[in-house]
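First comes the structure, then the notes that go with it.
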2 protein chains.
Amino acid sequence: MENVTIRMLAERLQLSTATISKALNNSHEISEETRQRVLALAAELNYVPNPYASSLRKKASNTIAVVIPEVADSFFAEAINGIEAVAQEKGYHVLIYLSHENCQKEQTILKDFQSGRVDGVLISVTTETTATGLEQLVRDKPVVFFDRVCEEVKAAKITTDDAAAAYRATTHLIAGGCRRIGLLSASRQLSISNKRAEGFQQALLDHQLPLLPNAITYCTNDSAANHQLLKTAFLENDYDGIIATTEKLSTAVYEVCEALQWRIPEDLQVIGFSNLSTARFLHPSLTTITQPAFEMGKAAATLLFRALKSNNFPLQQQQEVIPSSLIARNSTLAKDK
Amino acid sequence: MENVTIRMLAERLQLSTATISKALNNSHEISEETRQRVLALAAELNYVPNPYASSLRKKASNTIAVVIPEVADSFFAEAINGIEAVAQEKGYHVLIYLSHENCQKEQTILKDFQSGRVDGVLISVTTETTATGLEQLVRDKPVVFFDRVCEEVKAAKITTDDAAAAYRATTHLIAGGCRRIGLLSASRQLSISNKRAEGFQQALLDHQLPLLPNAITYCTNDSAANHQLLKTAFLENDYDGIIATTEKLSTAVYEVCEALQWRIPEDLQVIGFSNLSTARFLHPSLTTITQPAFEMGKAAATLLFRALKSNNFPLQQQQEVIPSSLIARNSTLAKDK
DNA sequence: TTTATTTACTTAACCGATTAAGTAACACGG
DNA sequence: CCGTGTTACTTAATCGGTTAAGTAAATAAA
């Protein structure tokens, strides 16, 4: 059972391969009758075109890459859903690359994109990422950053209102009576981390609260190390409110509180950036800043496909900020927003 | 800045393209000196081979496909992690396809694999899947089923001890005093669903408990519909214990209990098949059957790569059952296992 | 010294589709 | 009846690597 090629169809029908190709691509050069004969035989022999032959010739792969730090985070899982939905609709294929929060791995992945394997890239960078390699990529190919963007690089970006969200979270804690608020940050470099930190600091300032010397704890990618880090920070600073800026850190807070026997929200009010669908069933239910993950993925993909369709689309100038929402639950004391 | 090709390297070095290709592939036919010159120039010009040209010629894509119903389920998210880890190590690329629990979409996806786009497939089927199309796929390509396998098809399979796990879950509920136990099933067709149902029934039998006429509720893929379905089932059957056989259904139980104002575990003990890392922080913490998702992904990928490496590997006969574990928490009353 | 073998290349076909350029047959306006 | 279009194809080049087959020169074996 050899693979069916265009040449086999051509031989069977006593036509040239060119005719077959054109017939399959609905070229106007082909008569309706011939077209039908070709389609009929193709269906009969179950012909499926070789994508690599076509990609090679057309210099287009109908494939996009999604580069993310990990999948086991509901934000990314939902974002992939959004991306894939758009891609499937457009007949594109999705290559997934996990950088595992490792800048080195990310570089290796980016390098591969020089090959023409993908027509465009959707990326959410690692906590360690610098602009290296990204500028080149953006120059070479349509790229859309989503969520974890790289500030220094001029490119299309889909983000949430990070500073505003952190500001709201902080205000919410203050409204609930917190005076010694800490922020758990995933990265010193990540612009969304810094924006969240800024929103946090601005809110403190606006409410005449001092910024504790150790208000911001920079966490690592290692959960055991984080656990220790948080424990120490909690004990040393005696926080009464904490903002966890990632989902992983949110659950880490619960773990550490359990270990320290701190009660939430009595001893520590907690608000987390998280898309966990089970946030409302946590004990206590977690007040969250929830990002529109699916929509962000969809928006990023949509932008990318617009650029892929018309190459005079000014992709690099596109910026979209999709608002997140604060959902007040029992891990904090303030009512509503 | 044109794309660097092997031909360009050849011209610059006054060599043939064949020599360049062989040099880059460390062929013994090439002198060490020439090889170094080629590698040096390749590095200097930042040459990246075109994967489609090479795939076309070699009839191998260095790409595998992962077909799953969705990503927003921690089992699949973790499984992807395992798969990707192995793939990255082997220098393979991973195409993700989401069937969205839709058999039709799945068929379309499978059809695409006839094209040679991927060298192998890892698949976890939808709740509606029948053998159609799968047999052909297995005949044509290395395929490994994981978790949601298709019984009728003879192929490599990585599963958990589904019947045993359900048996244990049922026994656990009985030990906690339950007498009217219900099981929430995701599918009538899925073999893992049926095995779980079997384990459930066997446990009831072994403990001299009658099988309620509506003991098993077959759920849909629509969460709103499920909500209604569960509500009705709960009210009509007055369960005192429930086994949710998927993660989605587990959280659905929490939602319905909240809506009905049933207390867990006082009014209803709950045990769920779930890989949620936050299960222990749910309110109440959820007793789970936890599958080794990462390991299953890894095992499936490892098996596939073994088949890709040596084509006389009897892939279709491979079966691996990786045990799951019951983690007793507060949504059930029995101590430990 | 002659023949065989090895080394280090080159030539050219090939993978399977696409497409620019060419062509034969026929229609049509003048 | 001629020239111009149009239709419906074919021919052949092309995308960028890979590889079977060929070759010239150097080396080893007889």
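Every chain is numbered from 1, with letters handed out A, B, ... down the list of sequences. All heavy atoms count here, side chains included; hydrogens, waters and symmetry mates do not. Quick caveat: nothing in here was measured; it's all calculated off a predicted structure.
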Using whole Å, report how far [atom1] of [X] lies from [atom2] of [N].
X	N	atom1	atom2	answer
B/Gln36	C/dC9	CD	P	13 Å
A/Asn50	D/dG17	CG	P	17 Å
B/Asn3	D/dT14	CG	P	18 Å
A/His28	C/dT19	NE2	C1'	12 Å
B/Leu56	C/dA13	CG	C1'	13 Å
A/Tyr52	C/dC14	OH	C1'	19 Å
B/Leu24	D/dT19	CG	P	13 Å
A/Arg57	D/dA12	CZ	C1'	11 Å

Any side-chain N or O of [X] less than 4.0 Å from the OP1 or OP2 oxygen of [N]?
X	N	result
B/Lys59	C/dC14	no
B/Ser55	D/dG17	no
B/Thr34	C/dC9	yes

Sort out for me which residue in [options] forms a side chain to side chain contact (heavy atoms under 4.5 Å, CB included) with [X].
X	options	answer
B/Ile123	B/Leu134, B/Val149, B/Asp147, B/Ile68	B/Leu134
A/Arg12	A/Val4, A/Val38, A/Leu41	A/Leu41
A/Asn221	A/Glu101, A/Glu70, A/His100	A/Glu101

- request: Select from B/Thr17 and A/Ser31 the residue whose nearest nucleotide in DNA chain D is closer to the 5' end of that strand.
  value: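 Its nucleotide being nearer the 5' end, the pick is A/Ser31.
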- request: Between B/Glu29 and B/Tyr47, name the one whose nearest nucleotide on DNA chain D is closer to the 5' end.
  value: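 Residue closer to the 5' terminus by nearest nucleotide: B/Tyr47.
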What is the nucleic acid contact for [X], judged by heavy atoms within less than 4.0 Å: base, sugar-phosphate only, or nothing?
X	result
B/Leu15	sugar-phosphate
B/Ser16	base
B/Thr19	base
B/Ser21	base

- prompt: Does a side-chain heavy-atom distance below 4.5 Å link B/Val125 with B/Gln189?
  reply: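 The answer is no; the side chains never approach within 4.5 Å.
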task: Measure from the side chain of B/Ile6, starting at C-beta and using heavy atoms only, and say which of D/dT10, D/dG17, C/dA17 lies closest.
output: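 Looking only at heavy atoms from C-beta outward on B/Ile6, the closest nucleotide is D/dG17.
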task: Look at the side chain of B/Lys22 and the base of C/dT10, then say whether one donor and one acceptor between them are separated by less than 3.5 Å.
output: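 Donor-acceptor pair under 3.5 Å: yes.
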- prompt: Relative to the ring of B/His93, is the ring of A/Tyr97 parallel (under 30°), tilted (30 to 60°) or perpendicular (over 60°)?
  reply: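 Rings of A/Tyr97 and B/His93: perpendicular, as their planes differ by over 60°.
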